Amino acid sequence: MISVCRLEDLPAGESVRLDTTPPVAVFNADGELFAIDDTCSHQDASLSEGWLEGCLVECPLHAAVFDLRTGRPTGPPARRPVRTHQVYVEDGMIHVRLTAAEEGSAA
């Protein structure tokens, strides 16, 4: 499990990037926490730098949109999902448990 930050340090509508391999982005979507691989599956761009609307994040490079709940793109230009990861809050601290690469995107 990877410690991210205190829950109070990630306000609604914000994200944080973890320098893991590969990088992971943690989002606070209106009080619900999600973690996905930070690199857009269409082209190398940081999803944590994208625009968050509800449970969707738009890539800042070519406007691919991903559902934070599933990692799946909602349409072109991205065709492949990004991996999702489990997020836990314990004693006010956000933690992420990375999904194994061979597991693909969690649904």
Side-chain angles (χ1 to χ4, degrees):
M1 220 167 10
I2 298 169
S3 295
V4 178
C5 65
R6 301 221 31 95
L7 181 58
E8 63 198 34
D9 294 333
L10 186 61
E14 297 293 322
S15 63
V16 63
R17 182 179 193 265
L18 305 178
D19 289 323
T20 54
T21 304
V24 169
V26 180
F27 296 87
N28 182 336
D30 298 324
E32 198 169 354
L33 301 172
F34 298 96
I36 60 173
D37 281 353
D38 188 44
T39 306
C40 178
S41 63
H42 170 251
Q43 196 164 357
D44 285 346
S46 173
L47 294 173
S48 64
E49 295 176 9
W51 297 275
L52 185 61
E53 186 170 326
C55 290
L56 302 176
V57 63
E58 182 179 324
C59 175
L61 193 56
H62 293 118
V65 177
F66 295 88
D67 189 320
L68 296 174
R69 297 166 292 193
T70 64
R72 293 186 179 106
T74 62
R79 289 187 161 69
R80 290 178 292 119
V82 293
R83 277 187 313 160
T84 59
H85 307 283
Q86 294 179 328
V87 182
Y88 300 91
V89 177
E90 185 176 296
D91 296 326
M93 180 67 90
I94 301 170
H95 302 278
V96 171
R97 180 168 303 175
L98 298 180
T99 303
E102 59 272 4
E103 290 181 47
S105 179

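If you're wondering where the values come from, they're calculated on a predicted model, not measured in any experiment.
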Minimum heavy-atom separation for [X] and [Y], please, with both atom names.
| X | Y | answer |
| --- | --- | --- |
| A35 | V26 | CB-CG2, 4.2 Å |
| T84 | G71 | CG2-N, 3.4 Å |
| L98 | H85 | CA-ND1, 3.4 Å |
| R72 | P81 | CA-CB, 3.9 Å |

Using the side chain to side chain donor-acceptor pair (under 3.5 Å) criterion, which residues pair with D19? Sequence neighbours excluded.
R17

According to side chain to side chain donor-acceptor pair (under 3.5 Å), who are the partners of T39, at least two apart in sequence or on a separate chain?
none

R79, CZ: over 12 other non-hydrogen atoms inside 6.0 angstrom
no

In Å and rounded to the nearest 0.5 Å, what is the [atom1] to [atom2] distance from [X] to [Y]?
| X | Y | atom1 | atom2 | result |
| --- | --- | --- | --- | --- |
| M93 | L7 | CE | CG | 10.5 Å |
| D38 | F27 | CG | CZ | 6.5 Å |
| M1 | I94 | CE | CD1 | 13.0 Å |
| N28 | D30 | CG | CG | 7.5 Å |
| I36 | L47 | CD1 | CG | 4.5 Å |

R97 side chain to Q86 main-chain N or O, any donor-acceptor pair under 3.5 Å?
no

With a 3.5 Å distance limit and no angle check, can you tell me whether D37 reaches the backbone of V82 through a side-chain donor-acceptor pair?
no

Stepwise, does the side chain to side chain contact (heavy atoms under 4.5 Å, CB included) test hold for L10 with L33?
CA-CA 9 Å; L10 186 61; L33 301 172; 4.2 Å; yes

Atom pairs and distances, donor-acceptor, side-chain atoms in residues 50-67, under 3.5 Å, two or more places apart:
| from | atom 1 | to | atom 2 | distance (Å) |
| --- | --- | --- | --- | --- |
| H62 | ND1 | H42 | ND1 | 3.4 |
| H62 | ND1 | Q43 | OE1 | 3.3 |
| D67 | OD1 | R69 | N | 2.8 |
| D67 | OD1 | R69 | NE | 3.0 |
| D67 | OD2 | R69 | NH2 | 2.8 |

Does L68 belong to the same Ile/Leu/Val/Met/Phe/Trp/Tyr cluster as Y88, with side-chain heavy atoms less than 4.5 Å apart forming each link?
no

